Each structure stands twice: as structure tokens, then as C-alpha cells.
**Q** 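Take this structure, written in C-alpha cells, and hold onto it; I'll ask about it next.
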Amino acid sequence: MKRLLIADLMRSEGERNEVLLQGWVRTRRDSKTFFFLEVNDGSCLKSMQVVVNEDAEGYADSKGVTTGASVSVKGRLVRSQGKGQMWEIQAESLELVGGADESFPLQKKRHSNEYLREIAHLRPRTNLFGAVFRIRSKLAFAIHRFFNDRQFFYVHTPIVTASDCEGAGELFRVSTLDPKSPPLTEDGEVDFKEDFFGRAAYLTVSGQLEGETYATALGNIYTFGPTFRAENSHTSRHASEFWMIEPEMAFCDLAADMDLAEDFVKSVIAEVMETCAEDLSLFFNFVDKELKQRLEFVLSRPFQRVTYTEAVEILLASGKTFDNRVEWGVNLQSEHERYLTEEHFKSPVTVYDYPKNLKPFYMRANDDGKTVAAMDVLVPGIGEIVGGSQREERLELLLENMKAHGISEEDYWWYVDLRRYGSVPHAGFGLGFERLLMFITGVGNIRDVIPYPRVPGHAEF
RNA sequence: UGCCCUGUAGCUCAGUGGUAGAGCAGGUGACUGUUAAUCACUUGGUCGUUGGUUCGAAUCCAACCGGGGCAGCCA
């Protein structure tokens, strides 16, 4: 008999015999001569009610069938006599596969997310985390579909890298040197020439620079993989290991880049709303009452687009007093971003043309001499979700910028080469996968949308 | 890295200077097509740790260790 999934059984059109259900017991309700089991197999939010009568095989030894145990049930799928579910399984036989004693930590009640983080290996067995991680999977798939449909190629940029994509944050070093007695140079410094890769190596903070090399060959590409930042950040929106999506397009300017970012965000949200309707309903009902409305609103309206200069003017004209002073030439702070998305526009906002001095060396200089062709997409509740730019494709200007930022030309010779041979205008952006998932689910902490989150001081499991 | 909050039963929390509590979970029993089942009974605690103040500390103070939030850095 082949195992059937609850997701499929729930869509049955009629009763059926010879059903094999295998999963984990969520709860058990006993009567004198029979009992009910709520069995979840992870295939969907819903659990299947199983009715075990005293004549079912295995009824006598069913004492160990308790919350958390795994079971294998053979029986018939029948219309339920009770309210609350259309289908249930009338067990013909029940087998305890793996028991769970009274120390099983998940109870038939709500647990705090903080507690569940301590048992991250068991939390996917809860409704909330099961839903988060099914949606995470569907969202990843939607992202690949989005790019594939538009003829972007998926490029696997390296995880171990020697370049640091200046401006993207602190790096984790990758080394096999003995920390107790590393080889030293004549100056007494650690000699990384002796290290595994013959040079200093790090975990990537961005695949962008390598992505540009493939965009200027294959046309439109994207990367989608893990990135690592050794920043000592303690917020609900930062993790040391997270996944990032980075499209890069040749023959593309900032306007088209912003169009793509908006199209991307809307398309994948729309797909998830369609394919994960049941799981999303849990977030709509129990996590954030305004979530549904917010997502529908995002889909139905164009993102607001303002230049950095206009954004500053809006903030100055708001009459609000901010903790951080608003002034042209300084970064927009969280409170400013929040005002723009949550109060002024009440929708996602794309801010572009940022002051040159705030941004890294690779962004393209605008003609005004003061700004660069950079853009950020800000969303209510989360802040920055996308950061992108048109890249500087003019050799002289790029070299000038590198000098100004103290970046050595020798280290980036290959990156500069793109401007020497067949240089083209090109643009791209980076989007935090987890932040998008937070926005879609309304989950407020990045540690609850990554299976095993890594943040400063924590790498359990 | 800075600022703030917090730590009491397996979980969620009350107790704010005078002999440790509730709900849920767990256990036992009853009962019923139940569904966060219900009803009765019941087990369960070095009050994060160490030190201090006090006749007396879960309660006040300090340090340390956990957990959380906000800000900066960014995605």
C-alpha cells in the first residue's frame, strides 16, 4: 500500500478504501471504546482525524500513541460524522512507529516563538512553523519561476570568495591554518599565502560582482544563495547567514531595474498567495490581522517612486520631529523609512538617486555630480527589502571611484576588465529572501523564518 | 557596538520584604462522535547563578549567565 499525503486526501472527491496514512500525532481524544487521533504528515496545514475503534488492529497496544508519536494507519477515507472536517480515516489498523514520552516538549497549546527557537529541531512540527517553511519552499520556487519565465539564467556564484564587495559588511574568514601557531610573515603577520587557498579567503557577502561578469556574457542572470555577514547586529531583521536573490541585467538602466524589482516583488507575492492560500490563512488570522489587506494593497497599486532628494523634502515638510535630524546627504534612518512607507505613502516606496558619498564604489555616477543611480525598495513594517543600482560601466569613472574608496585595482582586475572589454550599461539589485518571507507572512523576527538561524553568539544545531 | 526590558513548575504567567500560587501540560479514574473535548482527583519548584543588605529576600542592591526589544550597520 502506498503512503498518501493529507494534502491530497483532503481534496478527495469521494470515499476511498485502502488508504495508508503516516505521520505524527498532534492530539488524542479518548472515549471508552474508541479514540480520535489528529495526525499531521507535514504535507499541509490540516491534520487528518483518525477514528480508531476497539475492533481495529492495534487498538489494544495503542497506549503509546500519544502527542508527538509517529504512526502508520491503514483504513478507509470516509465522510466525517463530526463537525470540523469533511474527511476522516476510519482505521482498520494502527501501528506505533516511534513513541514520544511525556518529555515531548510540544503541547496542545500555543507556545511562544522564543521558546520554540530553543527547540528549533522540533518547531517545524507546529502549525505556525510548518506553514512558514512550506511557504519558504514555495516562495523559493516562485522566485526561480519568475526569472526562468523571463529568460534569466541562474548563476551559482562562489560561496568562498576572495573579494569583499566593499560596503556590504564584515566578512567571515575561511581558513585551515592552525589558530594556535599560524605561519607568520617576516613582519610577524599571519601569512595567508600558506593557507588552504594560498591567500586570504572569506564567505561571500554578495554574489553581485561575480554576477556582473555573467550578466555581461549571458545577458540577464540571477543568483539565489546563502550569504554571510559577520556584523554584530542584534535586531529582528538581521542574521549572520541568510539567503539573497541578486538579479543582474546587461543593457539595463536604473529605471528598468526599479521596474524589475517591483514586478518581482508583486509576482512572487501573487504566486504565494495563490499556491499557499491555506497556510497563509493562518498568518492572516493569528499572526497579523492586517496582513491580508496589506498584501492585497501591495499587489493592487504601483510602488511609490521618489528620489532621495524628494524623500528628504517630504520628511522635512512632514512637521514631525524625528530623533535623527533629516538633512540632505545623510542616510535615511529607520524612523524616516517607516514614516515614508507607513504614514506618508502607506505602501512600498522606491527611493532612488542617493548621495554619492553614502554608496559603494560600483554605483554609477549621475550627471548632477552629487548622486548615484542607486535605489532601495522600502516596505511597511520591515524597511529596506531591496537595494540595487545601475553599475558604473565607464572605465575612468570606475577607477576614480575605486581610488576614492581605497579599493585596490589589482585585487579587482577582473571586475575592471568588464569595463575594458565590451562594457555595457548594466544594473541589478539584491533582495533579502528572509525579509521578503517576513513581509509575506507577517512574522516579526528573522530567526523564525530560517530553519536554523545564525546570529552573533548563536549557532546551535 | 550602544541603550532598554526580562528570568518563579515541562509551558504561559501571578506573587514587589513575613511559611511558593494559577491555568495548561503530565499521571490516575469517569464519561461522551470527539475536535484547544469535558468532569473529578493528583504528581511536580535550590524562585537563573554567586555575593551583599535585612531579624527575615522570589521580592531590595551588585556582578555574572540566559532570553527579548530598540538603534546603528545592511538584505
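Side-chain atoms are counted along with the backbone in the values below, which use heavy atoms only and exclude waters and symmetry mates. Residue numbers begin at 1 in each chain, while the letters A, B, ... track the order of the sequences. Since the model is a prediction, treat every value here as computed from it, not as a measurement.
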**Q** Between A:Arg447 and A:Asn113, do the side chains contain a donor N or O and an acceptor N or O under 3.5 Å apart?
**A**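 The answer is no; no qualifying pair exists.
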**Q** For B:G33, is there a stacking contact with A:Phe34, counting only centres under 5.5 Å and planes under 30°?
**A**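 It does not: the ring fails the test against the base of B:G33.
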**Q** Taking a pair as Watson-Crick or G-U wobble with both distances under 3.5 Å, which nucleotide is matched to B:A63?
**A**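 Its partner is B:U49 (Watson-Crick or G-U wobble, both distances under 3.5 Å).
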**Q** Please confirm whether any donor atom in the side chain of A:Lys109 sits under 3.5 Å from an acceptor in the base of B:C11, or the reverse.
**A**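 Yes, a donor-acceptor pair under 3.5 Å.
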**Q** Less than 4.0 angstrom between a side-chain N/O of A:Arg117 and OP1 or OP2 of B:G68, yes or no?
**A**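 So the side chain of A:Arg117 is within the cut-off, an N or O lying under 4.0 Å from OP1 or OP2 of B:G68.
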**Q** Taking the six-membered ring for Trp and the full ring for Phe, Tyr or His, determine whether the centres of A:Phe303 and A:Phe345 are under 6.0 Å apart.
**A**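 No: the rings miss the under 6.0 Å criterion.
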**Q** Taking the P atom in each of B:C73 and B:C47, what is the distance between them to the nearest angstrom?
**A**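 Those two atoms are separated by 44 Å.
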**Q** Has the side chain of A:Arg237 got a donor or acceptor atom sitting under 3.5 Å from an opposite partner on the base of B:C70?
**A**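 Looking at the base of B:C70, it does not pair with any donor or acceptor on the side chain of A:Arg237 (distance under 3.5 Å).
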**Q** Rounded to whole angstrom, note down the P distance from B:G21 over to B:U6.
**A**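 It works out to 25 Å between them.
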**Q** Do the numbers put A:Lys370 on top of the ring of A:Trp328, so that NZ or CZ is under 6.0 Å from the six-membered ring centre and no more than 45° off the axis?
**A**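 Yes, A:Lys370 sits over the ring of A:Trp328.
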**Q** Record whether the side chain of A:Arg229 comes under 3.5 Å of the base of B:A75 through a donor-acceptor pair of N or O atoms.
**A**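 Side chain to base: pair present.
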**Q** Within the 4.0 Å heavy-atom criterion, would you say A:Asn331 contacts the bases, only the backbone, or no part of the nucleic acid?
**A**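 A:Asn331: backbone/sugar contact only, no base atoms under 4.0 Å.
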**Q** Using the benzene-type ring in the case of Trp, are the ring centres of A:Tyr154 and A:Phe224 under 6.0 Å apart?
**A**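 Centroid distance A:Tyr154-A:Phe224: not below 6.0 Å, so no.
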**Q** Can you find a side-chain donor-acceptor pair between A:Glu335 and A:Asn324 that sits under 3.5 Å?
**A**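 Yes.
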**Q** Could you check which nucleotide pairs with B:A20 in any of the strands shown, counting Watson-Crick or G-U wobble with both distances under 3.5 Å?
**A**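 With both distances under 3.5 Å required, B:A20 matches none.
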**Q** Partner of B:C3 by Watson-Crick or G-U wobble geometry, both contacts under 3.5 Å, or none?
**A**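 Per the H-bond distance test, B:G69.
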**Q** For A:Gly432 and A:Lys108, take the nucleotide of RNA chain B holding the closest heavy atom to each; which residue's nucleotide lies nearer the 5' end?
**A**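 Comparing both residues, the 5'-ward one is A:Lys108.
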**Q** Classify the side chain of A:His111 versus the base of B:C11 as yes if they form a donor-acceptor pair under 3.5 Å and no if they do not.
**A**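 Under the 3.5 Å cut-off, the side chain and the base do not form any donor-acceptor pair.
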**Q** Measuring to OP1 and OP2 of B:A37, would you say a side-chain N or O of A:Arg29 lies under 4.0 angstrom away?
**A**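 So the side-chain polar atoms of A:Arg29 do come within 4.0 Å of the phosphate oxygens OP1 or OP2 of B:A37, strictly under.
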**Q** Is the base of B:C70 touched by the side chain of A:Thr235 through a donor-acceptor pair closer than 3.5 angstrom?
**A**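 No, no donor-acceptor pair under 3.5 Å.
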**Q** Suppose you measure atom C1' in B:C3 against the same atom in B:C11; what distance do you get, rounded to whole Å?
**A**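 To the nearest whole Å, 31 Å.
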**Q** What about A:His234, does its side chain sit under 3.5 Å from the base of B:C70 through a donor-acceptor pair?
**A**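 Counting by modelled atom types and ignoring angles, no donor-acceptor contact under 3.5 Å is found here.
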**Q** Where does B:U46 land, syn or anti, given syn is within 90° of 0?
**A**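 What B:U46 shows is an anti base, its glycosidic angle lying more than 90° from 0.
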**Q** Once hydrogens and angles are ignored, does a donor-acceptor distance under 3.5 Å link the base of B:U12 to the side chain of A:Gln107?
**A**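 Side chain to base: no pair below 3.5 Å.
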**Q** Is there a donor N/O on one and an acceptor N/O on the other, under 3.5 Å, for the side chain of A:Glu102 and the base of B:G44?
**A**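 Side chain to base: no pair present.
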**Q** If the C1' atom of B:G27 is compared with that of B:C70, how far apart are they to the nearest Å?
**A**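 Their C1' atoms lie roughly 44 Å apart.
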**Q** Mind checking if A:Ser334 touches a base, just sugar-phosphate, or nothing, with heavy atoms under 4.0 Å?
**A**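 Sugar-phosphate only.
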